[in-house]
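Position 1 is the first residue of the sequence, and the numbers go up from there. All values below were derived from every heavy atom in this structure, side-chain atoms included, with hydrogens, water molecules and symmetry-related copies excluded.
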Amino acid sequence: MLYYLFTYLKNEFNYTGTGMWQFITFRITMALLLSLVISLLLGKRIVKYLQRKQIGETIRDLGLAGEQTKKGTPTMGGLIILSAMVIPTLLFARVMNVYILLILLCTVWLGLIGFIDDYIKVFKKNKEGLAGRFKILGQVGLGIIVGTTLYFNENVVMSREIMDGKKLAPYEKVVSNERVTPDGHRFVDVKTPITTIPFVKNHEFNYSKLISWIPGAEKFTFVIYILIVILIITAVSNGANLTDGLDGLATGVSAVIGVCFGIFAYVSGNIQFAEYLNIMYIPHLGELSIFIAAFVGACVGFLWYNAYPAQVFMGDTGSLALGGIIASLAIIVRKELLLPIICGVFFVESLSVMIQVAYFKYTKKKYGEGRRVFLMSPLHHHYQKLGYHESKIAVRFWIVTIICVVFAIATLKMR
């Protein structure tokens with residue numbers, strides 16, 4: 001909202017200093033700083049309020065070292081993260097941008113589902129929380145909204161350079177007039193269900209190719225696209241939820257992942273950087289980096305209270321939202337195929353649970369007694385059982401995430 005205010009003041013009165021609000025780098029910096037301030041200052045108040053109201057976490061007896069010391073620790077701290085993301089975004093971003101509106105919807109949508117789950121656990125004293133089918137239903141609903149918006153909205157476009165003798169692909173629909181850059185390059189905006197595929201020279205993949213072998217089926221590409229979006233949002237959201245089992249683990253991992261998507265959003269939304277790196281240019285996407293800056297600031301600020309020993313837990317209010325936001329960001333910046341690399345920790349945590357459950361059921365059916373691959377799943381509990389301190393596990397998982405993120409960024413040039 002401040003962007004529109006200062007734009008008006010510049011255009012009408014040309015006040016000194018109002019012009020800097022046009023620079024996205026300035027607004028990114030302000031969003032990051034404000035999110036840190038909100039999470040630190042508001043976080044202190046929320047933690048004290050939760051303690052006063054005795055809104056504490058119910059700890060299951062898993063036989064892990066130090067778990068009983070966490071009993072009664074305030075939960076629902078995800079409210080701190082959500083506030084520190086939404087407020088700076090509303091103040092500094094161009095809120096009428098389709099990507100900003102969509103990511104704010106994702107934040108509120110999954111934050112509300114998580115809040116309901118935490119509310120049932122804390123106030124209704126039901127350890128199971130919101131039934132799993134309702135969580136899945138909420139994630140599927142969000143996936144439908146995100147997929148439909150990105151596929152059909154006329155403001156979600158890709159920019160293609162027009163070259164002599166080179167035609168656009170038949171599945172690329174032109175939605176804008178030709179424009180010429182100062183250096184003489186000609187561009188048009190097109191709608192196309194495309195994403196980035198790593199390690200190949202032409203580093204692009206169009207979802208219509210999945211069914212192009214069926215005559216006339218390409219017009220139903222939107223069905224395939226929406227189903228993939230639903231799968232991604234559900235998987236990453238639940239992966240983040242599973243990872244949130246140690247003090248500071250999910251928060252730190254999410255902050256590092258946020259930095260990665262901030263870089264992707266900024267370079268893909270800047271025509272000069274996109275041309276230099278030879279990656280797809282997505283008009284108006286740079287605005288999303290303001291939200292991502294607030295996302296990173298909110299996670300880092302919350303880590304102040306969530307690092308070992310945690311003064312507050314984010315609960316499902318935070319973990320479901322963080323996972324859903326990360327999944328949505330990946331889809332919006334067209335990097336969803338990089339998620340297994342970028343979200344390597346989430347992926348392995350989820351995989352460890354699936355392996356553990358599948359092997360237990362298989363051995364129980366075959367031998368009459370269930371056996372386990374890991375001492376306990378998700379994977380971070382396995383390392384706890386091995387005797388590692390939880391702060392060491394969390395920091396090492398952060399380091400692994402940094403390695404994954406650096407590798408993912410390097411794939412922009414590894415072809």
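The pair Glu287-Arg27 meets the salt-bridge criterion, since a charged nitrogen lies less than 4.0 angstrom from a carboxylate oxygen.
Shortest non-hydrogen contact noted between Gln139 and Leu110 is CG-CD2, 4.0 Å. The minimum heavy-atom distance between Met85 and Thr89, with the atom names listed, is O-OG1, 2.7 Å. Annotation for Ala294 and Pro88: closest pair CB-CB, 4.1 Å, computed over non-hydrogen atoms. When all heavy atoms of Ile409 and Cys260 are compared, the pair lying nearest together is CG1-SG, 4.2 Å. Cys106 and Val146 get closest at one heavy-atom pair: SG-CG2, 3.7 Å. When all heavy atoms of Leu150 and Val156 are compared, the closest pair comes out as O-CG1, 3.5 Å.
Leu320 contributes atom CG, which lies 14.0 Å from atom CH2 of Trp109 (distance to the nearest 0.5 angstrom). Taking CD1 of Ile325 as the reference point, atom CD1 of Ile81 lies at 9.0 Å (rounded to 0.5 Å). Summarising the geometry, atom CD1 belonging to Ile233 is positioned 12.5 Å from atom CD1 belonging to Ile228; distances are rounded to the nearest 0.5 Å. Note that CD of Glu336 is 3.0 Å distant from OG1 of Thr195, once rounded to the nearest 0.5 Å. Taken from CE in Met20 to OG1 in Thr25, the straight-line distance is 11.0 Å, to the nearest 0.5 Å. Here the straight-line distance linking atom CG of Leu104 with atom CG of Leu82 works out to 11.0 Å at 0.5 Å rounding.
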- Query: Can you list the steps and then say if Ile80 with Leu42 is a side chain to side chain contact (heavy atoms under 4.5 Å, CB included)?
  - Reply: CA-CA 7 Å; Ile80 300 170; Leu42 181 64; 5.5 Å; no
- Verdict with supporting geometry, Glu218 and Ser208, side chain to side chain donor-acceptor pair (under 3.5 Å): CA-CA 6 Å; Glu218 291 184 3; Ser208 63; 5.0 Å; no
- Task: Decide side chain to side chain contact (heavy atoms under 4.5 Å, CB included) for Ile136 and Asn238; before the verdict, give the C-alpha distance in whole Å, the side-chain angles of both, and the deciding distance to 0.1 Å.
- Result: CA-CA 9 Å; Ile136 296 296; Asn238 288 327; 3.9 Å; yes
- I would like to know whether Asn206 and Thr192 meet side chain to side chain donor-acceptor pair (under 3.5 Å); could you show each step before the answer? CA-CA 8 Å; Asn206 196 292; Thr192 179; 2.6 Å; yes
- Does the pair Leu34 and Phe92 meet the rule for a side chain to side chain contact (heavy atoms under 4.5 Å, CB included), with working shown? CA-CA 10 Å; Leu34 182 59; Phe92 299 114; 3.5 Å; yes
- Could you walk me through whether Met280 and Thr196 pass side chain to side chain contact (heavy atoms under 4.5 Å, CB included), step by step? CA-CA 8 Å; Met280 59 181 72; Thr196 301; 3.4 Å; yes
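Residues Ser328 and Ile103 form a side-chain contact, since some pair of their non-hydrogen atoms from C-beta on lies under 4.5 Å apart. Using a 4.5 Å heavy-atom cutoff, the side chains of Tyr305 and Lys44 are in contact. Between Asn155 and His284 there is no side-chain heavy-atom pair separated by less than 4.5 Å. Side chains of Phe205 and Ile194 form no contact here, defined as non-hydrogen atoms less than 4.5 Å apart. At least one side-chain heavy atom of Thr221 sits under 4.5 Å from a side-chain heavy atom of Tyr151. Two residues are said to be in side-chain contact when any heavy atoms from C-beta on lie closer than 4.5 Å; Phe134 and Ile116 fail this criterion. Looking only at side-chain heavy atoms (C-beta outward), Met76 and Ile46 stay at 4.5 Å or farther from each other. Arg396 places none of its side-chain heavy atoms less than 4.5 Å from the side chain of Tyr383.
The 12-atom threshold is exceeded at CZ of Phe152, counting heavy atoms of other residues, nucleotides or ligands nearer than 6.0 Å. In this structure, Phe26 places its CZ atom where more than 12 heavy-atom neighbours from other residues, nucleotides or ligands lie under 6.0 Å away. By the neighbour-count criterion of 12 heavy atoms within 6.0 Å, atom CZ of Phe347 is sparsely surrounded, having that number or fewer from other residues, nucleotides or ligands. The neighbour count for Trp398 CH2, taken as heavy atoms of other residues, nucleotides or ligands under 6.0 Å away, is above 12. Other residues, nucleotides and ligands contribute more than 12 heavy atoms inside 6.0 Å of the CZ atom of Phe360. More than 12 heavy-atom neighbours from other residues, nucleotides or ligands sit within 6.0 angstrom of NE2 on His382.
Put simply, the side chain of Asp118 gets close to the backbone of Asp316: a donor and an acceptor are under 3.5 Å apart. Between the side chain of Ser35 and the backbone N or O of Leu32 there is at least one donor-acceptor pair closer than 3.5 Å. Ser352 places a side-chain N or O within 3.5 Å of a backbone atom of Leu379 that can act as its donor or acceptor partner. A distance-only check finds no donor-acceptor pair linking the side chain of Thr251 to the backbone of Gly248 [under 3.5 Å]. No side-chain donor-acceptor contact under 3.5 Å links Ser319 to the backbone of Asn241. Judged purely by atom type and a 3.5 angstrom limit, Arg371 has no side-chain atom pairing as donor or acceptor with the backbone of Lys364. Judged by distance alone, with hydrogens and angles left aside, the side-chain atoms of Thr148 form no donor-acceptor pair with the main-chain N or O of Ile145 at under 3.5 Å.
Below 30°, between 30° and 60°, or above 60°: for Phe273 and Tyr266 the angle between ring planes is between 30° and 60°, a tilted geometry. By the 30° and 60° cut-offs, the orientation of the rings of Tyr362 relative to Tyr359 is tilted.
Evaluated for a side-chain contact (heavy atoms from CB on, under 4.5 Å) with Phe407, the options Ile342, Ile341, Leu338 yield exactly one hit, Ile341.
For Glu349, there are no salt bridge (charged side-chain N to carboxylate O under 4.0 Å, His left out) partners two or more places apart in sequence or in a different chain. For Val157, the side-chain contact (heavy atoms from CB on, under 4.5 Å) criterion is met by Val175, Asp189, Lys191, Pro283, not counting sequence neighbours.
If you look at Tyr308 and His389, their ring centroids are closer than 6.0 Å.
No side-chain N or O of Asp247 forms a donor-acceptor pair with one of Asn306 less than 3.5 Å apart.
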